[in-house]
Amino acid sequence: MAKSIVKELQPRDVEILKGLYDFRALSTEQIMVYYHISKWYTYKKLSALRNSGYIITTPIKGYNPNQCRQGNYHRITETGIACLRKQGYSIERRAYDLRVRIRHLPFLFMTNEILMTLRQSNWEVQDSRDAKKQHNLNRGVNIQGIVKNSSDKEFVLYSFLENTSIKNVEKIASEIAMHKFRDYLFICRGGGSFQSIINRFKDSDEVVKSQSFKVFPRGLGKDYLTAFEGSEKKFNSYLEKVLKPKLFFKTSFKSRKVFKGLNQVVSHNGEEKYLVNLLDSDLVKIYNIKRYRKEDFGMDGRKVLVVTEPNLKAIHQNLLESVHHVDFIEVTQGEIKAAHNNLKMEE
DNA sequence: TACCCCACGCGGGATACACT
DNA sequence: AGTGTATCCCGCGTGGGGTA
């Protein structure tokens, strides 16, 4: 049978080519999910694009360590780029500039997955190259991208696979010490790297100098960031909705002293407490809670009510073990995901 | 022609078992 | 125990059949 080629370029074909140009490499699955194409038609579409010379396909190796067939990934060719140019896109890079080193591929896949997921909800994303270019950063820095939510807050993104070397973490620490950003987002694929990031940065100078320093396991990160866009306001209104009447937010309250990071008072089971949402495992928040000392609590009288996730609770408790005036409430990842779907339905 | 779906083939790690 | 061989299993993706 003759090989199928692209007869008429569809809008979606162009989008796929644009995606490959932006993200440099995408797996079959990523294309399938991101462009909402049925499984088998994705294969068909991709093979037509391939046969027409727009893309080049290579098997993935080393991404899923315990699986032999890990699927293919695709990159755009010079022909594909010419095609984009014809469609009116301003194109600066050549196919040669978009090639990916094999060792780098797993990192790229993971980061792309995050960037694409965020771009689908209300985030603006910049990949590492764009981010470095715009902020005049050395091309060797490990920044994986910069993401901006709907309230224009910008986070610097770092992502990690299962394990990460001490050397790598230290390199990132020195980058953070050096540059001027204040908000950070760390996304970790495995518990190993999650724990190493937490251990390295808890109570560190880097955290003290930051406004936020959020550390997520990959799945929770994707669900949380798409559901609430990293906005405490959106999260708070969700929380109030699901927990009423047990919990509601106080708009006016008196304090003899203002404690940094403790600016949200709630009434929980009839008791006034400071609410801190730790679903993002923000190390700045943890630092602030720890500075609310026993004497402060004695004077103020409000406990801290921490929102945690069942799988992270032990870690959070451990981080806060020196603080005794803390209560926990749990929100599961599943509930976050469901909240997101519900919000989508309402739109 | 664009799109969707199913059956099956394929590759190779994992596992089980036999043999030395 | 260590090595060789057969089989299973899993998930990817092609070929072909189908619909609007």
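Each chain gets a letter, A, B and so on, in the order its sequence line appears, and its residues count up from 1.
Look at CZ on Arg50(A): it is 14 Å from C1' on dG15(C), rounded to the nearest Å. Counting to the nearest Å, the P atom of dC3(B) and the CD1 atom of Ile31(A) are 15 Å from each other. Here dA2(B) presents its C1' atom at 19 Å from OH of Tyr35(A), a figure rounded to the nearest Å. The nearest whole Å value for the distance from the OH atom in Tyr41(A) to the P atom in dC4(B) is 7 Å. For Leu46(A) and dC3(B), the CG to C1' distance is 14 Å, given to the nearest whole Å. Atom NE2 of His74(A) and atom C1' of dG13(C) are 10 Å apart (whole Å). Rounded to whole Å, the distance from CD1 on Ile60(A) to P on dC10(C) is 21 Å. Across the protein-nucleic acid pair, Tyr43(A) atom OH and dG16(C) atom P stand 18 Å apart, rounded to whole Å.
Tyr184(A) pairs in a ring pair (Phe, Tyr, Trp, His ring centres under 6.0 Å) with only one of the listed residues (Phe201(A), Phe216(A), Phe155(A), Phe213(A)), which is Phe213(A).
At least one side-chain heavy atom of Tyr34(A) sits less than 4.5 Å from a side-chain heavy atom of Arg119(A).
Side chain of Lys39(A), nearest nucleotide from dC4(B), dC12(C), dT14(C): dC12(C). If you check dC3(B), dC12(C), dC4(B) against the side chain of Ser38(A), the one that comes closest is dC4(B). Comparing dC4(B), dT14(C), dG13(C) against the side chain of Asn72(A) picks out dG13(C) as the nearest. Listed nucleotides dC6(B), dC4(B), dG13(C) differ in distance to Lys44(A); the shortest reach to its side chain belongs to dC4(B).
The residue among Gln10(A) and Trp40(A) whose nearest nucleotide of DNA chain B lies closer to the 5′ end is Gln10(A).
Both the sub-6.0 Å distance and the 45° axial angle are satisfied by Arg99(A) relative to the ring of Tyr96(A).
Between Lys222(A) and Thr117(A) the shortest heavy-atom distance is CD-OG1, 3.6 Å.
The aromatic rings of His135(A) and Phe181(A) sit perpendicular, their planes meeting at an angle over 60°, well past the 30° parallel limit.
Among the protein residues, Thr28(A) comes within range of the sugar-phosphate backbone only, with heavy atoms under 4.0 Å from sugar or phosphate atoms but none that close to a base.
Residue Arg12(A) has a polar side-chain atom (N or O) positioned under 4.0 Å from OP1 or OP2 of dC3(B).
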